[in-house]
Peer 1: 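What follows is a single structure, and I will ask about it in a moment.
Reckoned from all heavy atoms, side chains included, excluding hydrogens, waters and symmetry mates.
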Amino acid sequence: MTELQNDRLLRALCREPVDVTPVWVMRQAGRYLPEYRALRAAAGDFMSLCRNPELACEVTLQPLRRFDLDAAILFSDILTIPDALGLGLYFEEGEGPRFRQPIEGVGAIERLGVLNTARDLPYVLDAVRLIRRELNGRVPLIGFSGSPWTLATYMIEGGSSRDFVRTKSLLYAQPDALHLLLDKLAASVVDYLNAQIAAGAQAVQIFDTWGGALSAAAYREFSLAYMARILRKLTRVAEGRRVPAILFTKGGSPWLEQMVDSGCDALGLDWCVDIGEARRRVGDRVALQGNLDPAVLRAPEQVVRREVEAVLRAFGAQPGHVFNLGHGISPDIEPSRVGSLVDAVHSISANLRQGLR
């Protein structure tokens with residue numbers, strides 16, 4: 001494989017010194033970019049982009065042509081796993097993802113298979129290989145998956161949900177059935193992430209989007225325990241270096257200390273926790289990623305710079321920080337604001353490292 005020209009992200013995730021704080025952004029390839037909207041319109045729909053390796057590669061690279069980002073992230077969707085397991089993923093305009101055959105009853109869980117990525121999702125692996133080739137060592141590529149709990153909520157609810165009535169009913173009334181589903185999804189995620197790493201992903205992130213909807217005890221039992229199982233079974237060295245794993249639970253700030261014990265290399269933080277306080281709580285056991293409020297990108301450039309500096313100063317001078325938003329970019333964001341963000345992270349962090357004001 002081609003030697004990396006910019007490995008700041010991988011070094012920061014391993015808590016090694018870097019010249020400037022690396023930055024990438026969740027949903028950095030997406031609807032806020034006019035070139036993405038044009039390509040999606042030409043492709044016909046979102047899943048046509050995901051299932052076409054050449055188009056997925058193009059979308060992945062689009063933000064890197066505009067901004068001096070320190071990583072690319074695979075363009076795909078967390079729901080490719082349940083789609084490959086036969087639930088029939090589709091997207092309803094204005095309503096988000098839906099499944100034609102959601103999980104209904106214990107029998108459906110018992111009949112559900114376990115993902116074989118090479119057989120069931122070859123287009124994802126083809127995209128990873130193509131992206132690595134096209135990046136040609138410019139920056140590392142991040143692979144990802146949804147967490148078992150988050151995938152289960154979509155599969156049981158049939159799509160997005162605010163209150164997770166069906167999923168939580170199963171959790172409390174038939175916990176063994178939910179554990180069976182989570183067992184199968186954990187095995188599927190292990191296969192999926194390890195296949196991405198074998199194809200060329202140089203870091204991975206687990207998106208636990210809905211972990212924060214659980215009680216403390218339920219989070220430990222039905223979300224964190226399965227992510228810890230996945231992390232224990234991940235390939236952790238490839239191409240002669242560490243493959244860092246990032247764990248991101250939206251709403252997970254009450255449980256940071258327990259999340260560290262999962263075996264991850266880094267914790268992604270949403271914008272509801274002070275990153276300096278998070279650093280004090282977890283010490284130097286893991287790197288931290290985040291955690292600017294995405295809404296800041298609607299503000300003027302000088303406000304973006306001010307808020308970026310506040311996050312950088314709160315984290316401090318020690319190694320182990322990857323700058324990111326506390327969640328994904330909203331579709332209405334002006335692309336120039338992302339450019340301002342990336343430039344601010346690099347310039348301000350360089351100055352702070354030199355002790356300048």
Peer 1: Are the side chain of Arg232 and the backbone of Gly263 linked by a donor-acceptor contact shorter than 3.5 Å?
Peer 2: no
Peer 1: Atom CG of Asp176 and atom CG of Leu181: how far apart are they, to the nearest 0.5 Å?
Peer 2: 13.0 Å
Peer 1: Please check if atom CD in Glu16 has more than 12 non-hydrogen atoms from other residues, nucleotides or ligands closer than 6.0 Å.
Peer 2: yes
Peer 1: Let me check something: any side-chain donor-acceptor pairs from residues 114-123 under 3.5 Å, sequence neighbours excluded? List them with distances.
Peer 2:
from: Asn116; atom 1: OD1; to: Ala118; atom 2: N; distance (Å): 3.3
from: Asn116; atom 1: OD1; to: Arg119; atom 2: N; distance (Å): 3.1
from: Thr117; atom 1: OG1; to: Asp191; atom 2: OD2; distance (Å): 2.6
from: Thr117; atom 1: OG1; to: Tyr192; atom 2: N; distance (Å): 3.4
from: Asp120; atom 1: OD2; to: Asn116; atom 2: N; distance (Å): 2.9

Peer 1: Would you check, one step at a time, whether the test side-chain contact (heavy atoms from CB on, under 4.5 Å) holds for Phe222 with Thr167?
Peer 2: CA-CA 11 Å; Phe222 293 95; Thr167 313; over 6 Å; no
Peer 1: Would a hydrophobic clustering, with Ile, Leu, Val, Met, Phe, Trp and Tyr connected at side-chain separations under 4.5 Å, put Leu193 with Val237?
Peer 2: no
Peer 1: Quick check: does any side chain N or O of Lys168 sit under 3.5 Å from a backbone N or O of Ala213, one acting as donor and the other as acceptor?
Peer 2: yes
Peer 1: State the CG-CZ distance between Asp284 and Arg15, to the nearest 0.5 angstrom.
Peer 2: 6.5 Å
Peer 1: Taking all non-hydrogen atoms of both residues into account, name the closest pair between Cys264 and Val286 and its distance.
Peer 2: O-CG1, 3.5 Å
Peer 1: Evaluate side-chain contact (heavy atoms from CB on, under 4.5 Å) for Ser161 paired with Arg166, printing each intermediate quantity in order.
Peer 2: CA-CA 10 Å; Ser161 175; Arg166 296 182 65 196; over 6 Å; no
Peer 1: Taking the side chain from Asp83 and the backbone from Leu89, do they hold a donor-acceptor pair closer than 3.5 Å?
Peer 2: yes
Peer 1: Has Asp77 got a side-chain atom pairing as donor or acceptor with Met47's backbone, closer than 3.5 angstrom?
Peer 2: no
Peer 1: If you look at every heavy atom in Leu55 and Ser48, which pair is closest and at what distance?
Peer 2: CD1-O, 4.3 Å
Peer 1: Hey, are the side chains of Arg27 and Leu325 touching, using non-hydrogen atoms and a 4.5 Å cut-off?
Peer 2: no
Peer 1: Please walk me through it: do Trp271 and Val296 pass side-chain contact (heavy atoms from CB on, under 4.5 Å)?
Peer 2: CA-CA 11 Å; Trp271 67 91; Val296 170; over 6 Å; no
Peer 1: With Val204, which of Asn194, Ile197, Leu247 fulfils side-chain contact (heavy atoms from CB on, under 4.5 Å)?
Peer 2: Ile197
Peer 1: Please test Ser347 against Arg305 for side-chain contact (heavy atoms from CB on, under 4.5 Å), starting from the C-alpha separation and ending with a verdict.
Peer 2: CA-CA 10 Å; Ser347 62; Arg305 291 187 64 86; 3.4 Å; yes
Peer 1: I need the Glu110 CD to Lys184 NZ distance, nearest 0.5 Å.
Peer 2: 7.0 Å
Peer 1: Considering all heavy atoms of both residues, which atom of Leu224 and which atom of Gln258 are nearest to each other, and what is their separation?
Peer 2: CD2-O, 3.6 Å
Peer 1: Hey, is CZ on Arg31 packed in by over 12 heavy atoms from elsewhere, all under 6.0 Å?
Peer 2: no
Peer 1: Do the side chains of Pro331 and Tyr32 get nearer than 4.5 Å, heavy atoms only?
Peer 2: no
Peer 1: With a 4.0 Å cut-off on N to O distance, would you call Glu35 and Arg66 a salt bridge?
Peer 2: yes
Peer 1: Could you tell me if the side chain of Glu307 sits less than 4.5 Å from the side chain of Val311, heavy atoms only?
Peer 2: no
Peer 1: Do any N or O atoms from the side chain of Ser330 and from the backbone of Ile333 form a donor-acceptor pair under 3.5 angstrom?
Peer 2: no
Peer 1: Quick test of your reading of the model: are Glu257 and Arg285 salt-bridged, counting only N-O distances below 4.0 Å?
Peer 2: no
Peer 1: Is there a path of hydrophobic side-chain contacts, each under 4.5 Å between heavy atoms, that joins Val190 and Met155?
Peer 2: yes
Peer 1: Kindly say whether Asn136 contributes a backbone atom to a donor-acceptor pair with the side chain of Gln5 at under 3.5 angstrom?
Peer 2: yes
Peer 1: I want to check something: taking the side chain as every heavy atom from C-beta on, are Val345 and Asp70 in contact at a cut-off of under 4.5 Å?
Peer 2: no
Peer 1: Could you state whether Val59 and Phe46 fall into the same hydrophobic cluster, counting links through intermediate Ile, Leu, Val, Met, Phe, Trp or Tyr residues with side-chain heavy atoms under 4.5 angstrom apart?
Peer 2: yes
Peer 1: Okay, side chain of Asn291, backbone of Asp270: is any donor-acceptor separation there less than 3.5 Å?
Peer 2: yes
Peer 1: Which distance, rounded to the nearest 0.5 Å, do you find between the OH of Tyr36 and the OG1 of Thr60?
Peer 2: 10.5 Å
Peer 1: So does Arg280 pair up with Glu277, basic N to acidic O under 4.0 Å?
Peer 2: yes
Peer 1: Of all the heavy-atom pairs spanning Leu64 and Leu69, show the shortest one and how long it is.
Peer 2: CD2-CB, 3.7 Å
Peer 1: Within the distance-only criterion (no hydrogens, no angle test), does the side chain of Asn6 pair as donor or acceptor with the backbone N or O of Arg138 below 3.5 angstrom?
Peer 2: no
Peer 1: Are side-chain heavy atoms of Val273 and Leu288 found at a separation under 4.5 Å?
Peer 2: no
Peer 1: Assess the side chains of Trp210 and Tyr154: does a donor N or O sit below 3.5 Å from an acceptor N or O?
Peer 2: yes
Peer 1: Could you tell me the separation between the CG atom of Leu178 and the CD1 atom of Ile109, rounded to the nearest 0.5 Å?
Peer 2: 7.0 Å
Peer 1: What's the separation between atom CD in Gln196 and atom CD1 in Ile142, rounded to the nearest 0.5 Å?
Peer 2: 11.5 Å
Peer 1: Assess whether a salt bridge exists between Asp19 and Arg353, defined as any Lys/Arg side-chain N lying under 4.0 Å from an Asp/Glu carboxylate O.
Peer 2: no
Peer 1: Taking everything shown except Arg162 itself, do over 12 heavy atoms lie less than 6.0 Å from its CZ?
Peer 2: no
Peer 1: In the structure I gave you, are the side-chain heavy atoms of Phe323 and Val20 within less than 4.5 Å of one another anywhere?
Peer 2: no
Peer 1: Search all heavy atoms of Ile81 against all heavy atoms of Ser188 and return the closest pair with its distance.
Peer 2: CG2-CB, 4.2 Å
Peer 1: So which atom in Leu267 and which in Ile246 form the shortest heavy-atom distance, rounded to 0.1 Å?
Peer 2: C-CG2, 4.5 Å
Peer 1: Is the shortest side-chain heavy-atom distance between Phe144 and Ile206 below 4.5 Å?
Peer 2: no
Peer 1: Check the hydrophobic clustering (I, L, V, M, F, W, Y; side-chain heavy atoms under 4.5 Å; chains of links allowed) and say if Leu61 and Leu39 are grouped together.
Peer 2: yes
Peer 1: Cluster question for you: counting only ILVMFWY and a side-chain heavy-atom cut-off of under 4.5 Å, with indirect links fine, are Leu312 and Val18 together?
Peer 2: no
Peer 1: Quick one: does Met259's side chain get under 4.5 Å of Phe248's, heavy atoms only?
Peer 2: no
